2 protein chains.
Amino acid sequence: MAVRGAEPGVIWARPERAGRGPKPAFTRADIAAEAVRIADAEGLDAVSMRHVAAGLGCGTMSLYNYVPRKEDLYELMVDAVSAEHELWEPTGDWRADMMRVAGQTRELMRRHPWLPRLMSPVYGFSPHALRYLEHCLACLDPMDASYGTKFELIAMLNGVVTTYVRNEIDSAERVRNLPWSEEREQAVRLAYLGGQVASGVYPRLAEAFTQDAGPIDMEAVFRRVLERVLGGFASS
Amino acid sequence: MAVRGAEPGVIWARPERAGRGPKPAFTRADIAAEAVRIADAEGLDAVSMRHVAAGLGCGTMSLYNYVPRKEDLYELMVDAVSAEHELWEPTGDWRADMMRVAGQTRELMRRHPWLPRLMSPVYGFSPHALRYLEHCLACLDPMDASYGTKFELIAMLNGVVTTYVRNEIDSAERVRNLPWSEEREQAVRLAYLGGQVASGVYPRLAEAFTQDAGPIDMEAVFRRVLERVLGGFASS
DNA sequence: AGCGCACTACGTACGGTGTACGTAACTAAT
DNA sequence: ATTAGTTACGTACACCGTACGTAGTGCGCT
């Protein structure tokens, strides 16, 4: 009888293929690809064990031979798309390089809108994540700082990008999924907000809302915020 | 017959009490408090409509009179604990004040470890969130910047704190929940990581791991990172 | 005063989820 | 050839969110 999930931790630690029984019908890559396909097409919530198994053309429980828990399936997915990170020869300008890294991460998340929800530093040690980390460190070679500081910078940058893109995506998705129209939703929200602000309890918010009427250039905000973060690290 | 969820958006827009029928048995605050109690005691996953209803001593479906969708229950929870934010008279030193805000947010999230998972800027307009925002703006009065920049700063700070605390909590929770021992888990992870790093494909990672042997002072890291972010905004 | 209606309350039911467990087929090592 | 470890997968369980129907309640209007 199989060990059935008694093994600890990291899925990457166990060999993909055990020597003994009949040869597996799928690779981890197959499974990850199918899960990613589903998530891209129908959203993360559509990624269920049954659904993925059906997509692969096998029984639901067969999946558990490859993936001990659903969490591990998520980990496979994150690793799979992390492979899309394009790596390049560092230019020597670490700030520019890190900006480029951030931009790529952002593009990655836009291609796979479910990524931010799964991004957690706990998943930080998959093979492709290691490649990515090494690449970041290479870009940071010219930076005069300890590895500790560099890790802080990388974690920070990832965190900021994740948070930022998550906002973008979540609001967009929420608007798309709601049954009533976007205008109706926005009208209700604005009416409520206006009412609250008009109460006089929030004078600064009130002032800000009369002031900031124009639409905001998200692209510019993104770049500016990142520049600031990098600036914070450069000065030290 | 009741309207049954055909109303759009924000739960805060609809009045807590309608004039017509029998008076509701609970307030939103009651419901939020119960949900928070459960989440604190048994984790966010234990917060189900059935569970909350049982805790309140009413039928499951009765909850839907107060809370159109589960997402709104989450929104109530976030607002409820946001009330714990202590507000003070700004000191005039906006960097110090914002550091204090961040520290409080962190404490809040440690008291309610499920908070980071629910924190999303989409929930940014609950009554207590507005209070919090106004307070931040008050702290930022001495800062020479547009409201746009100030909002960017606040969002950024929240994002960083959330990301940071989420790491702390998620890793802790993961370790606590796993059936095998922490040492075994860490041993497996380290063995795997060591093997990967020893392959020679990640020279910088290898160097970093031989170097950074000591335990890291999370408190110091937290403060340092925040200082950097604030520094990035101060210089502009 | 009394009618009607908007509201509360709540049981039932449906379609979904993750996954524990039992069983049968298969193959590599002994 | 035997056997032990693996793969495959169907069944079953305990949960989830919530659509819907129905009964009771009391405010607002006529």
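In what follows, every chain begins at residue 1, and chains take the letters A, B, ... in the order their sequences are listed. Keep in mind it's a predicted model, so treat the numbers as computed, not measured. Because only heavy atoms are used, hydrogens play no part in the values below, and waters and symmetry mates are left out as well, while side chains stay in.
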Quick one: [X] [atom1] to [N] [atom2], roughly how many Å, whole number?
{"X": "A/Y64", "N": "D/dT11", "atom1": "OH", "atom2": "P", "value": "17 Å"}
{"X": "B/R69", "N": "D/dT18", "atom1": "CZ", "atom2": "C1'", "value": "12 Å"}
{"X": "B/H51", "N": "D/dG17", "atom1": "NE2", "atom2": "C1'", "value": "16 Å"}
{"X": "B/L63", "N": "D/dA19", "atom1": "CG", "atom2": "P", "value": "14 Å"}
{"X": "A/K70", "N": "C/dG18", "atom1": "NZ", "atom2": "P", "value": "4 Å"}
{"X": "B/R28", "N": "C/dT8", "atom1": "CZ", "atom2": "C1'", "value": "15 Å"}
{"X": "B/N65", "N": "C/dA6", "atom1": "CG", "atom2": "P", "value": "15 Å"}
{"X": "B/L56", "N": "C/dC10", "atom1": "CG", "atom2": "P", "value": "11 Å"}

Any side-chain N or O of [X] less than 4.0 Å from the OP1 or OP2 oxygen of [N]?
{"X": "B/Y66", "N": "C/dA9", "answer": "yes"}
{"X": "A/S48", "N": "C/dT17", "answer": "yes"}
{"X": "B/R50", "N": "D/dC16", "answer": "yes"}

*asked:* Nearest heavy atom decides the nucleotide; on that basis, is A/G57 or B/T60 closer to the 5' end of DNA chain D?
replied: A/G57

*Side chain of A/S62: nearest nucleotide among C/dT19, D/dA8, C/dC10?*
D/dA8

*Please answer whether the main-chain N or O of B/L76 pairs with a side-chain N or O of B/D79 as donor and acceptor at a distance below 3.5 Å.*
no

*Is the backbone N or O of B/V67 less than 3.5 Å from a side-chain atom of B/D72, with the two atoms forming a donor-acceptor pair by type?*
no

_Residue from B/N158, B/T162, B/T163 passing side chain to side chain contact (heavy atoms under 4.5 Å, CB included) with B/M119_ = B/T162

*More 5' along DNA chain C: A/D45 or A/M61, using each one's nearest nucleotide?*
A/D45

_Categorize B/A53 for me: base, sugar-phosphate, or nothing, with a 4.0 angstrom heavy-atom threshold over every strand shown._
nothing

*For the residue pair A/Y164 and A/F222, categorise the inter-ring angle as parallel (less than 30°), tilted (30 to 60°) or perpendicular (more than 60°).*
tilted

*Are there more than 12 heavy atoms of other residues, nucleotides or ligands under 6.0 Å from atom CZ of A/R131?*
no

